[in-house]
Amino acid sequence: MQNPDNATATNQPRLRPRLKPTVWTIVGLLGFCIVVMGVSAVVAKMSVDSLMSDARALVADINDADATAAHVDDMRSAARNAHIATAHPIWRASEVLPAIGDDLRAVRLLAGAADPLVSDVAAPLLEFDIASIGPNDGALNVDAVGELGKKIEQVAPVAEQTNIRLIAEGIAVDDLLPQLRDPVKQVSEGLSTFADAMRRLAILSPQLPSMLGAGEPRDYLVLVQNTAEMRTLGGNPGNMLMLTLDEGRMSITQEGNRFNIPTGLNEAIEPLNSSTEALYTDRVGKFFQDITMTPDFAQTAHLARAFWSSALGDPGHAVLAIDPIALSYIMKATGPVQLSTGEVLKAGNVVDELLSNVYSRFPGETAESAQQQDAFFSSAAAGIFDNITSAKAGLAVLIPQLAKAYDEGRILYASTDATEAKALQGTRFGGPLPEQNNSDRTLLGVFVNDNTEGKLDYYTSMSVDASTDVCHAEGDAVFTAKATYDYNLKPEQVAGLPKYVSTGTYFPKGVKSTNLVFYGPSGSTFVSAKLDGEDFVPQTGTHDLGRQAVLVNFESDPASTHTVEVTFSAPADQKYGPLGVRTTPMIKKVPVNIDSPGCE
């Protein structure tokens with residue numbers, strides 16, 4: 001007779017034997033996926049590390065054509081490997097994981113963007129022999145510049161399309177792992193900046209040779225701003241130079257200053273914007289030394305051309321402004337300048353020589369001494385510009401220094417040509433506040449204007465703390481800028497100051513009067529101001545460049561510090577980009593601290 005227990009066992013479904021292959025298959029697939037993801041992650045990281053290493057080495061070897069070609073090949077291979085490692089179905093499937101899915105997706109998207117950028121944009125540009133541009137025999141090769149322009153036209157659309165695709169994909173940076181947020185943000189912002197620069201250069205590229213004087217000479221009116229006497233854009237433009245480019249060769253062909261350009265006119269040389277006049281008075285149009293008081297460089301350039309043409313004729317094709325600190329950056333690439341008066345200007349001493357020592361050498365108390373001052377400035381600027389097209393280091397060393405000066409607002413440019421104006425619209429070439437809305441970046445402005453009549457800003461420095469509650473405000477958003485202004489002149493130095501540095505005409509010798517001008521975000525409203533912690537009523541308030549602006553005046557004794565705090569409000573229901581602050585480019589870089597809780 002059959003055992004009932006055995007019968008039961010015999011009649012039960014055989015589940016376990018059929019489950020084993022399924023379970024092991026799943027386990028095997030999971031293991032395979034983990035191995036693939038692990039290998040892919042290692043390959044992606046190694047490829048990115050290799051890409052970054054070659055990019056850094058490329059900067060050092062940019063003048064070596066063979067080394068550049070090797071780096072380009074390695075970068076192209078590394079970008080392709082990173083793309084392949086992150087583009088397969090297993091990687092994409094892993095992006096649904098709740099903990100790391102967003103991070104995997106961000107890595108894939110950036111690797112996918114890097115591949116065409118390196119292969120189809122950077123590589124063709126880097127394969128161009130930049131050394132062919134020169135300078136050679138004191139001139140830039142305008143034909144080589146034209147060839148580079150054509151390459152830029154070819155690759156610029158790829159950069160723009162890659163950036164558009166990345167924006168359309170939408171990487172939520174705030175949802176990423178903390179260690180990924182900053183790198184992803186930096187890469188995304190860097191790509192956007194690069195694509196924008198390529199687009200603008202593509203617009204400009206057909207005209208680059210003619211801008212260098214191909215075919216016929218091209219004249220540029222240069223304002224050399226004296227940062228020892230602050231103005232909003234950088235300094236008193238006491239010296240104007242006509243810079244002529246002829247077939248890539250650069251020379252100073254004419255000079256203008258207070259001795260041959262009328263200044264102190266009875267009325268503005270050209271009608272001013274009403275907001276400019278309300279905030280800065282009509283001095284901006286009466287004295288050519290004050291045309292840089294406004295942050296609108298287009299208006300400054302218009303006034304500069306009017307002053308020049310009133311006495312010296314054709315004001316040229318465009319207006320360029322530069323300061324001694326930017327000149328020192330240029331000299332790091334071009335080397336020292338030997339002046340006819342015997343002085344040797346170097347990157348390390350040119351700022352002190354132009355903004356301080358010259359006034360000890362030529363105090364300016366006589367007409368002859370004042371003319372010697374201006375001659376020294378003109379000779380220095382001419383020598384530095386001449387060195388640009390005779391320097392052996394080449395453009396590869398010069399371009400990073402020019403980029404640094406541009407980023408700090410020390411190089412400004414306004415052209416009469418419609419194509420050039422279109423290419424540069426909205427950039428810092430037009431002044432510190434080019435944006436007319438807050439969507440991409442929310443900007444505050446803090447600008448310095450000397451009110452003393454002297455050169456005492458050589459002894460000043462400033463820092464700015466900015467804050468906003470825009471990311472958690474329930475009502476109107478509040479934006480505050482607090483400037484700490486240091487006057488570092490020592491009391492024992494006052495007696496020895498040359499008269500031209502501290503004239504004592506309107507204020508006691510050594511005492512400094514300063515106007516700080518604060519600009520709120522676009523569409524904002526002035527709320528309050530404080531000077532050294534006490535409530536203060538600004539002298540002037542107006543809308544300028546679509547922004548509320550207020551002016552705060554104060555006097556400084558030697559070795560003193562003042563704080564000025566200005567608050568604005570704006571509707572919270574608008575789109576606001578990251579908070580930033582633009583300041584006057586002073587001799588010492590202005591540190592800026594941003595506090596925007598809830599926006600990270």
Side-chain angles (χ1 to χ4, degrees), residues 224-232 234-239 258 283 287 289-290 292-293 323-325 328 343 348-374 376-377 380 446-464 483-517 531-534 536 539 551-564 583-591:
V224 183
Q225 298 193 81
N226 188 328
T227 347
E229 186 176 356
M230 287 275 93
R231 299 289 186 266
T232 291
N236 166 353
N239 288 77
R258 56 194 152 152
R283 290 183 59 86
F287 296 84
Q289 298 92 336
D290 291 331
T292 48
M293 280 186 172
D323 70 9
I325 295 81
S328 75
E343 294 86 356
N349 73 358
V350 64
V351 173
D352 291 335
E353 286 292 328
L354 292 180
L355 300 183
S356 178
N357 296 345
V358 63
Y359 301 117
S360 298
R361 194 177 296 122
F362 309 116
E365 296 179 355
T366 65
E368 180 184 7
S369 179
Q371 288 174 334
Q372 288 172 325
Q373 282 181 13
D374 288 341
F376 183 83
F377 281 119
V446 182
F447 304 121
V448 186
N449 283 278
D450 178 68
N451 191 49
T452 314
E453 189 187 65
K455 301 294 182 288
L456 291 171
D457 277 301
Y458 179 77
Y459 303 96
T460 64
S461 61
M462 185 175 71
S463 62
V464 178
T484 302
Y485 184 88
D486 295 316
Y487 182 36
N488 306 308
L489 179 71
K490 298 176 182 178
E492 58 269 26
Q493 292 178 292
V494 173
L497 290 175
K499 182 175 178 60
Y500 200 76
V501 173
S502 183
T503 64
T505 303
Y506 303 104
F507 302 91
K509 188 172 184 177
V511 174
K512 188 178 188 312
S513 176
T514 303
N515 293 332
L516 284 190
V517 186
L531 174 60
D532 297 328
E534 301 292 330
F536 184 88
Q539 290 184 351
L551 183 151
V552 177
N553 172 262
F554 56 89
E555 294 180 18
S556 300
D557 292 322
S560 65
T561 296
H562 291 286
T563 60
V564 182
T583 68
T584 294
M586 301 176 72
I587 297 174
K588 295 180 180 178
K589 188 173 181 180
V590 179

Closest heavy-atom contact between [X] and [Y]?
| X | Y | answer |
| --- | --- | --- |
| S560 | S556 | OG-CB, 3.6 Å |
| M462 | P591 | O-CD, 3.2 Å |
| P324 | V350 | O-CG1, 4.3 Å |
| K588 | S461 | CD-CB, 4.2 Å |
| A380 | L354 | CB-CD2, 3.8 Å |
| D290 | R283 | OD2-NH2, 2.9 Å |

T514: which of V448, N553, T460 passes side-chain contact (heavy atoms from CB on, under 4.5 Å):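 Going through the options one by one, the only one that passes is V448.
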Gap between atom [atom2] of [Y] and atom [atom1] of [X] - 0.5 Å precision:
| X | Y | atom1 | atom2 | answer |
| --- | --- | --- | --- | --- |
| E453 | Y506 | CD | OH | 5.0 Å |
| L355 | I587 | CG | CD1 | 5.0 Å |
| T503 | K455 | OG1 | NZ | 9.0 Å |
| R231 | N515 | CZ | CG | 10.0 Å |
| N451 | M230 | CG | CE | 14.5 Å |
| Y459 | N488 | OH | CG | 10.5 Å |

CA sep, side-chain torsions, deciding dist, call: V501, L456, side chain to side chain contact (heavy atoms under 4.5 Å, CB included): CA-CA 6 Å; V501 173; L456 291 171; 3.8 Å; yes
Between [X] and [Y] (side chain of the first, backbone of the second, donor and acceptor by atom type, cut-off under 3.5 Å), is there such a pair?
| X | Y | value |
| --- | --- | --- |
| T452 | S513 | yes |
| H562 | E555 | yes |
| T584 | F447 | no |

Note, L551 side chain near L516 side chain (heavy atom, < 4.5 Å):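 L551 does not reach L516 side chain to side chain.
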Contact check, side chains of F362 and S369, non-hydrogen atoms, under 4.5 Å: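 They are in side-chain contact.
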Over 12 foreign heavy atoms within 6.0 Å of CD, E534: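 Open.
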Ring center gap for F554 and Y485 short of 6.0 angstrom: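 Yes, they do, as the ring centres are separated by less than 6.0 Å.
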Residue pairs, two or more places apart or on separate chains, that pass salt bridge (charged side-chain N to carboxylate O under 4.0 Å, His left out) and touch residues 493-513: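 Listed by first then second residue: D450-K512, D457-K512.
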T227, D352, N226 screened by side-chain hydrogen bond (donor to acceptor under 3.5 Å, both in side chains) with Y458, the one that passes: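 The passing option is D352.
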Test log, rule side chain to side chain contact (heavy atoms under 4.5 Å, CB included), inputs F536 and V564: CA-CA 9 Å; F536 184 88; V564 182; over 6 Å; no
Residues forming a salt bridge (charged side-chain N to carboxylate O under 4.0 Å, His left out) with E353, sequence neighbours excluded: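 Salt bridge (charged side-chain N to carboxylate O under 4.0 Å, His left out) list for E353, sorted by chain: R361.
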Check: N236/T292 side-chain N/O donor and acceptor closer than 3.5 Å: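 No, no side-chain donor-acceptor contact under 3.5 Å.
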